[in-house]
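To start, the structure itself, in structure tokens.
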2 protein chains.
Amino acid sequence: MATIRDVARLAGVSPSTASRALRGNPVISAKTRQRVETAMRQLNYVPNFSAQNLANNENNTIAVILPVDHHEIFTNPFFLQALQGINAKSTERNFMVAIATGISQQQLLANVEFMLARGRINRFILLYSQLHDPVVTLLQQNQVGYVVIGKPMATAGPLPPYIDTDNLAAGRDATQFLLAHGHRQIAFLYTDLTKIVQQERLAGFKQVMAQQQLPSLSLREDFIDYTQSHQHVTAFLQQHPQITAFVTSDDLLGLRLQQIVSKKMSIISFNNSFTSQVAHPSLTSIDVFPVQLGEGAAELALQLDQPTAKLQPIIVPHQIVVRHSVRDLTAQTEEKNKN
Amino acid sequence: MATIRDVARLAGVSPSTASRALRGNPVISAKTRQRVETAMRQLNYVPNFSAQNLANNENNTIAVILPVDHHEIFTNPFFLQALQGINAKSTERNFMVAIATGISQQQLLANVEFMLARGRINRFILLYSQLHDPVVTLLQQNQVGYVVIGKPMATAGPLPPYIDTDNLAAGRDATQFLLAHGHRQIAFLYTDLTKIVQQERLAGFKQVMAQQQLPSLSLREDFIDYTQSHQHVTAFLQQHPQITAFVTSDDLLGLRLQQIVSKKMSIISFNNSFTSQVAHPSLTSIDVFPVQLGEGAAELALQLDQPTAKLQPIIVPHQIVVRHSVRDLTAQTEEKNKN
DNA sequence: CTGTTAGCGCCTTCAA
DNA sequence: TTGAAGGCGCTAACAG
């Protein structure tokens, strides 16, 4: 492997000049830059990552923190897609992407501690956001920068930069979509309000319903035990027999609900994962564009050292993908749910 | 952050002695080792990753290569779970885990090239195995070590070390499970035979069927377009009306099939993901233990520099998880598929 | 604008 | 068994 000395020698300059050229230091003359650059090309030179990191006291790596696997969370392709986005941007900028994950909260914490202490990594991306997260506490204690995909939980200090869907608006949009299709008695189905996403989608739902002077029904159900869940949902529907539609906080949840309730029940869900296509009828769902969220998160993370840049939160627009799970009650003819 | 010089000073030894103690060099006397170790503890010393890497011309990182997102593949929690296993073992051994991924084959290749050239990473884990994989070609050209989760495709050189489920046996077991429940006319449903896993499961199926002198029916269906798939499957069943059961190469595929065929059709699938619990009736499925596969892969990858250790392939045992999707045709009373 | 020098933190000869 | 010295590859002062 060619080193910068080889390049310098071939270009007939000193290593420091070669280094300056490499890093785009404007002080270098055009011709010298040229010579160095062709030398690099000839030698197929690539700077050594570790050496550069050591010299710069940097590490050029972003660590991505996955949530602890809880129930079916890993069935959501969101994480891997966000990772794609993060990777694309990071590689562009010569950053490495490292992963922190764990089977338990404890293992995850150990992993993050390892990256902190051993790797001296100082840029993290949290792929989730939840209440009382010990990982966040750890990051704050160590005063390292982190970016959240999702709305960060409120803490003592200033909020970290984040990128998010406007889940409040998304919750409203889902609800309004149902209203526009003639539904009036609607329930919101969720699994876990410590996940801030779900909280917000629910809040959006409630806003619209309140505005319309309609009741905000909601039901928590984690579907760990099918039989039990079946009972709960059925009981709930007996209490509220007038319900014609559900907003579910995630596609998979929508799919599960679908297996319990009548095919006539309308459902709108979130994430637009493959699950929504698999469902039958296929689910009308709100796409949140995970790859873009990942890209944006990486961009924020890459600026984490420039305190000047007041890192404004980024909001990625969402989009309703209409499929066949919402019946139009306003239409004269009954809708055919073919697909 | 304390450096090794600080440690040395506090322990009253030279940096080189401290270094030797750190690395467990047996030449150091017990008392000296003691002194150095307590000094490290007192100072909360952690060696600097980049510095160590530079000095050792190593990088202490394992890069994990994800498949290109194709259809619904990221809905399979397999990858994230394998990642958990890899991370657990790697962290134990002070290795970092980096990620290579991409939205397209091209982007993935660029990412791998980046880790190769820039990061000088020389240990890779491939989370998939398929025919004609340009990533494999790239790795081989660069002569870096890699481990495959799954059966590696045959190449010019010697096979890389790998860890795998015995998918041939798993295919046989699934088939035998159906036979034991009285099924005789069985079809195998798959999406993509360039994925070697699917090939093998199918081969196992065929072995058993041939042995029983039963016909080996099989159907390829990727379910990209629901209506079209519906037609295909229906046509297939009309051609073979005697079929009572399917083996499907993955849970998600099982779920989709389930939405097309009668509830009376028996299905056994692979991966035991949450999807199999979500299905209705819930799917009898073969668990392949992704976390363990990940752990084993990491262990192999960690040995990639020791050519002495003839790295034997590791086979992780699989296990049938019985749920409610296979009817027992041998029983007198008809089975109730409650769940 | 460019070269010389020193050092990032650690490891490994070499000599004692 | 230990210390001194030099180097891994790159960069940033400091001169000129």
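Every chain is numbered from 1 and lettered A, B, ... according to where its sequence line falls, protein lines coming before strand lines. All values derive from a computational prediction rather than experimental measurement.
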What nucleic acid atoms does A/P47 come within less than 4.0 Å of, heavy atoms only: base, sugar-phosphate, or nothing?
sugar-phosphate

Rounding to a whole Å, what distance do you find between A/N53:CG and D/dC10:C1'?
10 Å

Take atom CD1 of A/I4 and atom C1' of D/dA12, then tell me their distance rounded to the nearest Å.
12 Å

Taking for each residue the nucleotide of DNA chain D bearing the nearest heavy atom, is the 5' side occupied by B/V27 or by A/L22?
B/V27

Just how far, in rounded Å, is C1' of D/dC10 from CG of A/D6?
13 Å

Below 4.0 Å: OP1/OP2 of D/dT11 and any side-chain N or O of A/Q52:
yes

What is the distance, to the nearest angstrom, from the CZ atom on B/R120 to the P atom on D/dG9?
8 Å

I need the minimum non-hydrogen distance between B/I103 and B/Q107, along with the two atoms involved.
N-OE1, 3.0 Å

Need one value for A/S50: base, sugar-phosphate or nothing, where a base atom within 4.0 Å counts as base even if backbone is also close, heavy atoms only.
nothing

Give one of base, sugar-phosphate or nothing for B/S16, where a contact means two heavy atoms less than 4.0 Å apart.
base

Just checking A/L54: base, sugar-phosphate only, or nothing, at a heavy-atom cut-off of under 4.0 Å?
base

Short side-chain to backbone donor-acceptor contact, A/R123 and A/I62, under 3.5 Å:
no

Determine whether a donor-acceptor pair (N or O, by modelled atom type, separation under 3.5 Å) exists between the side chain of B/Q84 and the backbone of A/G102.
yes

The first and last nucleotides of DNA chain C lying within contact of chain B, meaning any atom under 4.0 Å from one of its heavy atoms, run from C/dG9 to C/dT13

Of B/M1 and A/A30, the one whose closest nucleotide on DNA chain C sits nearer the 5' end is A/A30

Main-chain N/O of A/V144 paired with A/N142 side-chain donor or acceptor, under 3.5 Å:
no

Are B/T17 and B/I28 close enough that some pair of their side-chain heavy atoms sits under 4.5 Å apart?
yes

Pick from A/L80, A/V148, A/T101, A/I86: which one makes a side-chain contact (heavy atoms from CB on, under 4.5 Å) with A/L127?
A/I86

Here the distance between atom P of D/dT11 and atom CG of A/N56, to the nearest Å, is 6 Å

Both A/S19 and B/S14 contact DNA chain D. Which one's nearest nucleotide lies toward the 5' end?
B/S14

A/R20 has an atom CZ; how far is it from atom C1' of D/dA12, in whole Å?
8 Å

NA contact type, A/F49, heavy-atom cut-off 4.0 Å: base, sugar-phosphate, or nothing?
nothing

When rounded to whole Å, the CG to P distance for the pair A/N48 and D/dT11 reads 10 Å

Could you give the CZ-to-C1' distance, from A/R9 to D/dC10, as a whole number of Å?
15 Å

Any side-chain N or O of A/R5 below 4.0 angstrom from OP1/OP2 of D/dG9?
no

Looking at A/N60, A/I121, A/T61, which hits side-chain contact (heavy atoms from CB on, under 4.5 Å) with A/M96?
A/T61

Please check if the side chain of B/T38 supplies one atom and the backbone of B/R35 the other of a donor-acceptor pair under 3.5 Å.
yes

Phosphate contact (D/dG3 OP1 or OP2) by B/T17 side-chain N/O below 4.0 Å
yes

Whichever of A/R33 and B/R23 has the more 5' nearest nucleotide on DNA chain C, that residue is A/R33

